[in-house]
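Inspection log for the structure reproduced underneath, given as structure tokens.
These figures come from a predicted structure and were not determined experimentally. Numbering of ligands and ligand atoms starts at 1, following listing order.
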Amino acid sequence: MNLTSPRVIKDIQQKFGFTFKKGLGQNFLTSQDILDDIVDALGDESAVLEIGPGFGTLTAALAERMDKVVSIEIDERLLDVLDYTLEEFNNIKIINGDALKLDLHALIREEFGDRKISVAANLPYYITTPVITTLLENKLPLNSIVVMVQKEVAERLTALPGSKDYGAITVMCRYFSEPSIVTKVPSSLFLPPPKVDSAVLKLRLRETPAVDVRDEKMFFRVVKAAFSQRRKTLLNCMCANFPFTKDDMASILSKNGIEPSRRGETLSLEEFALIADSMNKMKDFAKEQSPPV
Ligand code: SAM
């Protein structure tokens, strides 16, 4: 069954009385070339977790090359459709649920044992950021994440310091992974076509984070603070978020060779790490100085 054919999609819709739900981001991919790009980007991976199979277009393409595909679909109406469209495969398991609410650590352990896997998805736009954040921050056993996202999101997640797209989420992505854009995808290749263009994004997970930090929580607090008000200087942003005087904060930055008048979006991951480690030292010093209670 050619699930990328608009004719076939319409026939299945008719057979099951299925109407697209905009609120669930139901825009189905109609390009075999893009499916191939997604599967190719997974390299020699053999086990994949998919989010949002829809009619099973990407699911089938994955199952043709992988040992095992587990796919999470929130829309109950699609379960019968998927039984029909994926009938010929015996290496696919569909789970009915919300990818953001399931315990993904437990699910991966149960379905794949101790092996590392990858995630593939044509993500509904409304859950793109929470899904990527959840997958990265929860330190799941993943090799890579290959996802279709809104083009602007892909540009943001692959941005370099100094560009307008570089933000806290870019830093988080680079900290845990090596991000790259696989290919851009015009909206005309979906049914129904969404209002925006898309891109396939690949996040290759790092064995260890991109920079060494003493305290990851402090690192992300510093990153969040630095981007809290994009038009303000780094010094002002930091002072608004940490209990230090302007002089102390300016001295922390200068000691690390960072000009306090810079903006957060110009800092590299290494510079964020230097600031976070200095803040930690100050915290430890303050603890040592305070009398025991
Ligand atoms: N994979 C298909 C394709 O490429 O044509 C469909 C992709 S469509 C953009 C997104 C799919 O994700 C829909 O089937 C939708 O029902 C499902 N979905 C939406 N929110 C979800 C969630 N929170 N958890 C799991 N699936 C979800």
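- Near Thr57, with a cut-off below 4.0 Å to any heavy atom, the atoms of ligand 1 are 5 (O).
- Ligand 1 has Gly97 within reach: a non-hydrogen atom of the residue lies less than 4.0 Å from it.
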Quiz prompt | Asn27/Lys22 under side chain to side chain donor-acceptor pair (under 3.5 Å): CA gap, chis, key distance, verdict | solution = CA-CA 8 Å; Asn27 305 96; Lys22 207 173 160 200; over 6 Å; no
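- In terms of protein heavy-atom proximity, atom 5 (O) of ligand 1 is nearest to Leu29 N, 2.9 Å.
- Residue contact check: Ile72 has heavy atoms under 4.0 Å from atoms 25 (C), 26 (N) of ligand 1.
- The distance from ligand 1 to the heavy atoms of Asp98 drops below 4.0 Å at these ligand atoms: 22 (C), 23 (N), 24 (N).
- Between the side chain of Lys68 and the backbone N or O of Glu111, at least one donor-acceptor pair lies under 3.5 Å.
- The distance from ligand 1 to the heavy atoms of Gln26 drops below 4.0 Å at these ligand atoms: 13 (C), 15 (C), 16 (O).
- The closest side-chain heavy-atom distance from Leu267 to Ile275 is below 4.5 Å.
- Ligand 1 has a nitrogen or oxygen under 3.5 angstrom from a nitrogen or oxygen of Gly52.
- Closest to atom 20 (N) of ligand 1, if we only count protein heavy atoms, is Tyr126 OH, 2.9 Å.
- Counting only heavy atoms of the protein, atom 26 (N) of ligand 1 lies nearest to Ile74 N, 3.4 Å.
- A donor-acceptor contact shorter than 3.5 Å is absent between the side chain of Thr233 and the backbone of Ser261.
- Minimum interatomic distance between Pro209 and Glu216 (heavy atoms only, all atoms of both residues): CG-OE2, 4.3 Å.
- Only the side chain of Ile127 comes within 4.0 Å of ligand 1, counting heavy atoms alone; its backbone N, CA, C and O stay farther away.
- Looking only at distances, no side-chain donor or acceptor of Glu110 sits under 3.5 Å from a matching main-chain atom of Leu107.
- Within 6.0 Å of CG on Asp103 lie more than 12 heavy atoms contributed by other residues, nucleotides or ligands.
- Of the protein's non-hydrogen atoms, the one nearest atom 24 (N) of ligand 1 is Ala99 N, 3.0 Å.
- With a 4.0 Å heavy-atom cut-off, ligand 1 is reached by the side chain of Leu78 but not by its N, CA, C or O.
- The backbone of Asn27, and not its side chain, has at least one atom closer than 4.0 Å to an atom of ligand 1 (non-hydrogen atoms only; backbone = N, CA, C, O).
- In terms of modelled atom types and a separation under 3.5 Å, the side chain of Asn143 and the main chain of Arg204 share no donor-acceptor contact.
- Which of Gly25, Ser31, Ala121, Gly54 comes nearest to atom 10 (C) of ligand 1 through a heavy atom is settled by distance: it is Gly25.
- For atom 17 (C) of ligand 1, the closest non-hydrogen atom of the protein is Glu73 OE2, 3.4 Å.
- Between Leu203 and Cys173, the closest side-chain pair of non-hydrogen atoms falls below 4.5 Å.
- Looking only at distances, a side-chain donor or acceptor of Asn91 sits under 3.5 Å from a matching main-chain atom of Ala63.
- Contacts of Glu50 with ligand 1, taken as heavy-atom pairs under 4.0 Å, involve the side chain alone.
- Residue contacts with ligand 1, taken as heavy atom pairs separated by less than 4.0 Å, do not involve Phe55 at all.
- In terms of N/O distances under 3.5 Å, ligand 1 is approached by Pro53.
- Residues Phe219 and Tyr175 place their aromatic rings such that the two centres sit under 6.0 Å apart.
- Between the NZ atom of Lys246 and the CE atom of Met238 there is a distance of 13.0 Å, given to the nearest 0.5 Å.
- Between Asn122 and ligand 1, an N or O atom pair is found at a separation short of 3.5 Å.
- Backbone and side-chain nitrogen or oxygen atoms of Phe28 are examined, and none is located within less than 3.5 angstrom of a nitrogen or oxygen of ligand 1.
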